[in-house]
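Lettering of chains follows the sequences in order, A, B, ..., and the numbering in each one begins at 1. Quick caveat, the model's predicted, so the values are computed rather than measured.
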Amino acid sequence: MGEKVSLDAYLTNNPIEGALFFLGKKLSVKDDKGVVSGIIFETEAYGGAEDKACHGYGNRVTPRNKTLFQRGGIAYVYFCYGMHYLLNFVLGPEGIPMAVLIRGVWITEGKERVRERRKGIPEKHWADGPGKVTRSFGINDSDNGVSLIGDRIWVEYSGIVIPETEIKTTARIGVDYAEEWAKKPLRFVWEKK
DNA sequence: CTCTCGATTAGCT
DNA sequence: GCTAATCGAGAGA
């Protein structure tokens, strides 16, 4: 079992640094039936207040996004498209809206549990999208604001060091409305060779 | 109060 | 590649 990622890693004020940092790390979520874990392979960087694709754009605080303005090290979970929960890791000091969207995870532990939750879906597609990640891990709005260094959700060092050549950088997905921010290269995918 | 649309997914053509 | 599914947040009246 790897060392748990401590609070310091979440307090960066650079969302790109955060998004790259969490690639290759191991995410775990525990409930009364056990633990599901997996390696994060796709992330996107959001924030701060200038990012038109970020829910905290212009420092606009609303009931939904207030978690995003809290200090890093907690989960920002929100409901989207009427049917999906999306998981983010909040970054930075209090007052600055920054986060990493967790878009893809390779499930490594608790597979029986995920097989049940993702019934009928091939393993390859269990968690290869942000809404699929939350379904595989059983995350919902009750996890909004939960610590990422706690007993429910946590992240560990996996021992993996990803060669820079295996990290693909692209524009973020689904943010076409964000004008010039829609095209910025803030999505990071580990394409394992 | 009303209306629009979204940090998506799965299934079909 | 195309689109139905599905509903709450947020903005404006």
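- dT9(B) is paired with dA4(C) under the criterion used here, namely a Watson-Crick or G-U wobble arrangement in which both key atom distances are under 3.5 Å.
- When the P atom of dT8(B) is taken as reference, atom OH of Tyr177(A) falls 9 Å away, rounded to whole Å.
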Report task. Determine, step by step, whether Phe137(A) and Ile102(A) satisfy the side chain to side chain contact (heavy atoms under 4.5 Å, CB included) criterion, reporting the C-alpha distance in whole Å, the side-chain angles of both residues, the deciding distance to 0.1 Å, and the verdict. Result -> CA-CA 12 Å; Phe137(A) 281 88; Ile102(A) 306 304; over 6 Å; no
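- The aromatic rings of Tyr85(A) and Phe79(A) sit tilted relative to each other, their planes meeting at an angle between 30° and 60°.
- Ile173(A) comes within contact range of the sugar-phosphate backbone alone, with a heavy-atom separation under 4.0 Å but no base atom that close.
- Taking every side-chain heavy atom of Tyr46(A) into account, dA7(B) is the closest of dA7(B), dA10(B), dA5(C).
- Rounded to the nearest Å, the gap between the P atom of dT2(B) and that of dT6(C) is 23 Å.
- Environment of CZ in Arg71(A): sparse, with no more than 12 heavy atoms of neighbouring residues, nucleotides or ligands closer than 6.0 Å.
- Residue-environment remark: NZ (Lys52(A)) exceeds the threshold of 12 foreign heavy atoms within 6.0 Å.
- Atom pair Asp141(A):CG and dT6(C):C1' shows a separation of 15 Å (rounding to whole Å applied).
- Atom CG in Asp176(A) sits roughly 14 Å away from atom P in dC5(B) (whole-Å rounding).
- Nearest to the side chain of Phe79(A), among dA10(B), dA7(B), dC7(C), sits dC7(C).
- When the C1' atom of dG11(B) is taken as reference, atom NZ of Lys132(A) falls 12 Å away, rounded to whole Å.
- Dashed line: the shortest gap from a side-chain N or O of Tyr81(A) to OP1 or OP2 of dT8(B) is under 4.0 Å.
- The distance from atom CE of Met83(A) to atom P of dC5(B) is 17 Å, rounded to the nearest whole Å.
- Side-chain contact between Val133(A) and Arg135(A) is absent, with no heavy atoms from C-beta onward closer than 4.5 Å.
- If you take CE of Met98(A) and C1' of dA7(B), they are 17 Å apart, rounded to a whole angstrom.
- Between Arg118(A) and Leu87(A), the residue anchored nearer the 5' end of DNA chain B, judged by the nucleotide with its closest heavy atom, is Leu87(A).
- Distances shown here put a side-chain N or O of Arg103(A) below 4.0 Å from the OP1 or OP2 atom of dT8(B).
- Heavy-atom distances under 4.0 Å link DNA chain C to Arg60(A), Thr62(A), Pro63(A), Arg64(A) of residues 53-78 of chain A, given in residue order.
- The pairing partner recorded for dA13(C) is none, the criterion being a Watson-Crick or G-U wobble arrangement whose two distances lie under 3.5 angstrom.
- When rounded to the nearest whole Å, the span between OH of Tyr85(A) and P of dT6(C) equals 14 Å.
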Query raised in the report: Passes side chain to side chain contact (heavy atoms under 4.5 Å, CB included), Trp154(A) versus Val35(A)? Steps please.
Result: CA-CA 11 Å; Trp154(A) 68 93; Val35(A) 180; 4.2 Å; yes
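- For Glu180(A), the CD atom counts as densely surrounded, since its 6.0 Å shell holds more than 12 non-hydrogen atoms of other residues, nucleotides or ligands.
- Taking atom CG of residue Leu91(A) and atom C1' of nucleotide dA7(B), one finds them 15 Å apart after rounding to whole Å.
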